[in-house]
Amino acid sequence: MAVANPILPCRPDCIGPFDTPEPSPSQEVWGSDELTQLILQFLNPLDLHKSAQVCRNWNRIAVQCMLDENKLWNPQRASHLRLTSSPQEKDTLSALLISVNVKQLGYVNFEWTRIISIKMLQRSFERMQRLVERMSSLRIVRVHWPSMLEEVGITDSSMASLCSSIEGFLNATIAQGCSKLMLTGFNDILGKRYQLKKSAGTVSSKSASTSSQRASILAKARTLLAPNSMKQTEGSLAIDVLSDEANYCRPGNRFGSPPPWISIAPSPQLSETSKLTQFETNTINLFRPPFSQWTLALLKASPITELCLHFTDLPDDTIEQNLILDRIADAAPDITSLYIDSVRSGTMKDIMRWASRFQQVQILGIQPACFPTPDDDKNLDLHELDFPNLTRLESPASFIPQFLKSDSAPADSLGRFKSLSSGLIAATYRWTSSSSSEVASAVNAISLVKSAVHEALGSLAEDCTVHIAFRFVHDFFKVTEALNRPGAIPPDLLIKAGESTSDDAGPKFILELVLPGTREEIRQGIFDDKITVYLRLVPGIDAMVLTSNEAHLSLEMEEFDQEQMWKFQKICPNLKSTGMA
């Protein structure tokens with residue numbers, strides 16, 4: 001039976017289990033694992049790497065010593081693997097590769113902050129593939145590839161080799177049962193070698209075939225001689241939208257000979273092996289060559305339920321914009337959760353119209369970065385958009401009135417949000433200063449959210465829950481001090497904010513405060529006076545959640561004692577429950 005060594009704590013959902021090692025000569029020589037660990041922990045990574053090859057028991061202890069230096073075994077942290085650019089340095093990936101005990105990876109984060117050459121990057125992908133293939137299971141994988149590659153010296157041959165390594169790692173990751181894949185910062189240097197054809201989006205499959213038949217003998221010969229990553233994989237999964245080669249091309253050199261087509265191809269078994277349900281990326285580069293063939297095939301072949309996307313690097317060309325958005329929508333039409341984390345200024349209206357194509361969406365998340373300028377959340381004109389299955393909306397407070405705005409009466413417009421009437425609207429307000437205008441803006445935003453919910457949902461608003469979260473970009477204590485000054489909260493605004501009474505058939509209001517303290521400090525009442533300052537802004541709330549700086553530990557929700565509840569209920573008579581996260 002596989003058990004964890006009591007002196008070697010491991011995160012059960014992240015890495016493990018360890019097989020109980022058979023008795024070895026080292027135990028007789030050193031007397032105990034504790035003594036062996038005490039001695040080995042003073043060795044440098046290179047010597048530890050050698051020590052791990054002595055026997056199975058030393059392997060287990062030496063590998064842990066290498067990983068402890070990177071805090072990999074801290075039960076509150078994920079497996080964060082920073083790859084080095086020097087073969088002489090032994091990073092955490094090196095430790096896992098020599099381990100004979102680590103069999104599972106729950107959450108692994110590969111990060112290349114020091115790799116700037118194509119050769120080292122290719123080698124890193126190959127090492128990552130070796131690690132992934134050794135695991136019996138793999139749950140969550142994040143790969144962060146910052147744009148730090150040297151553009152000089154990237155030939156077709158080196159690019160093809162790199163794409164082949166990327167293809168091997170990505171296909172192996174999916175084959176090992178990865179359920180959530182996060183690809184961030186993927187370098188755009190490879191994508192710069194492709195450009196949109198002038199006829200993109202209008203080329204039919206017949207004309208594309210005719211164009212292919214007219215290819216020169218030289219181009220055909222180069223295709224036959226090219227590596228596998230340069231060829232279009234026969235039998236690979238096809239996307240309904242036009243293929244990469246029909247829409248993109250690689251500009252030829254001055255002699256006019258077309259360079260070989262290089263792309264990352266999906267595994268033919270992708271639809272049989274993929275268990276991916278969540279996909280996240282912060283770059284549109286993954287939906288352009290050479291990555292798009294693999295990415296779009298993955299989305300179409302997988303049981304994807306959640307997409308999290310950034311659109312800040314969406315191409316300026318309108319034709320390419322529409323092409324990319326169409327391909328994403330066609331590849332994953334049945335998602336139920338869509339998170340839009342950022343967009344370029346002035347494009348939010350178009351992105352929201354695109355989002356409405358996902359008619360099965362139940363959770364829609366809009367982040368503050370979607371509105372980089374103060375005017376981006378105004379005049380969006382979204383009243384015609386239909387989200388019939390939406391049950392949860394998460395967005396900045398200023399966006400919700402725009403989203404719920406309708407030109408018709410509540411009874412006529414309810415079809416747009418028929419599921420939201422019994423769902424959750426989560427509004428976030430970010431305090432960016434402690435000025436009086438900021439206070440007025442916060443109270444006004446809450447009032448507008450409440451009014452928008454009433455107007456959009458009518459009598460059914462009482463079945464809806466509105467969650468208002470106060471988050472602090474500016475210093476929490478300075479904002480609190482500003483709010484506590486006499487006359488800081490205008491009386492007329494307080495009346496508007498506190499309209500909700502026990503006989504008001506409105507939605508249930510929940511206030512969340514993100515506090516800069518621990519659970520114990522909140523429990524001791526250190527923040528009570530500061531909490532009451534914010535309760536004066538929303539005296540009509542029904543529940544309150546206080547989020548500590550330990551929320552990332554995912555601890556269970558904790559109720560407040562009755563004495564603290566009475567203190568808060570003096571300001572908020574309708575307050576029925578208070579929890580701490």
Side-chain angles (χ1 to χ4, degrees), residues 1-112 120 123-141 168-169 172-173 175-178:
M1 176 179 173
V3 296
N5 190 300
I7 69 162
L8 301 176
C10 63
R11 179 180 175 182
D13 66 336
C14 181
I15 291 185
F18 284 97
D19 294 332
T20 303
E22 298 293 333
S24 65
S26 66
Q27 291 178 317
E28 298 177 5
V29 175
W30 298 108
S32 67
D33 286 349
E34 292 89 340
L35 185 56
T36 306
Q37 185 180 21
L38 181 64
I39 296 173
L40 292 184
Q41 70 181 4
F42 290 100
L43 299 180
N44 60 50
L46 188 59
D47 290 334
L48 279 172
H49 193 276
K50 296 177 181 178
S51 301
Q53 302 176 47
V54 172
C55 64
R56 186 180 182 87
N57 195 53
W58 274 38
N59 178 278
R60 176 172 55 87
I61 299 174
V63 166
Q64 168 153 359
C65 290
M66 295 174 69
L67 298 177
D68 276 342
E69 184 179 352
N70 294 274
K71 299 182 180 180
L72 186 62
W73 299 102
N74 186 326
Q76 309 301 345
R77 293 172 62 95
S79 310
H80 193 86
L81 308 185
R82 288 188 176 92
L83 282 64
T84 65
S85 58
S86 172
Q88 303 302 321
E89 294 186 52
K90 299 303 177 183
D91 52 23
T92 47
L93 179 57
S94 302
L96 292 176
L97 283 173
I98 63 172
S99 173
V100 296
N101 298 293
V102 177
K103 302 295 176 62
Q104 298 175 6
L105 287 172
Y107 185 123
V108 59
N109 178 14
F110 298 102
E111 183 169 344
W112 311 312
M120 289 308 304
R123 180 175 178 271
S124 297
F125 269 115
E126 292 169 351
R127 294 171 66 217
M128 290 158 57
Q129 181 180 350
R130 284 170 50 204
L131 175 65
V132 166
E133 290 176 340
R134 290 181 52 186
M135 297 297 109
S136 60
S137 67
L138 196 64
R139 192 160 50 88
I140 303 174
V141 176
F169 165 73
T173 299
Q176 292 300 97
C178 175

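Remember, predicted model here, so these are calculated numbers, not experimental data. Positions are given from 1 along the sequence.
- Residue R127 holds its CZ atom at 12.5 Å from CZ of F169, rounded to the nearest 0.5 Å.
- Applying the side chain to side chain contact (heavy atoms under 4.5 Å, CB included) test to I98 and every residue at least two apart in sequence or in another chain returns H49, A52, V63, M66.
- The two atoms that bring N59 and S99 nearest to each other are OD1-CA, 3.5 Å, heavy atoms only.
- Atoms CD and CD, from E126 and Q129 in turn, are 8.0 Å apart once rounded to the nearest 0.5 Å.
- Rounding to the nearest 0.5 angstrom, the gap separating the CG atom in L131 from the CD atom in Q176 is 10.0 Å.
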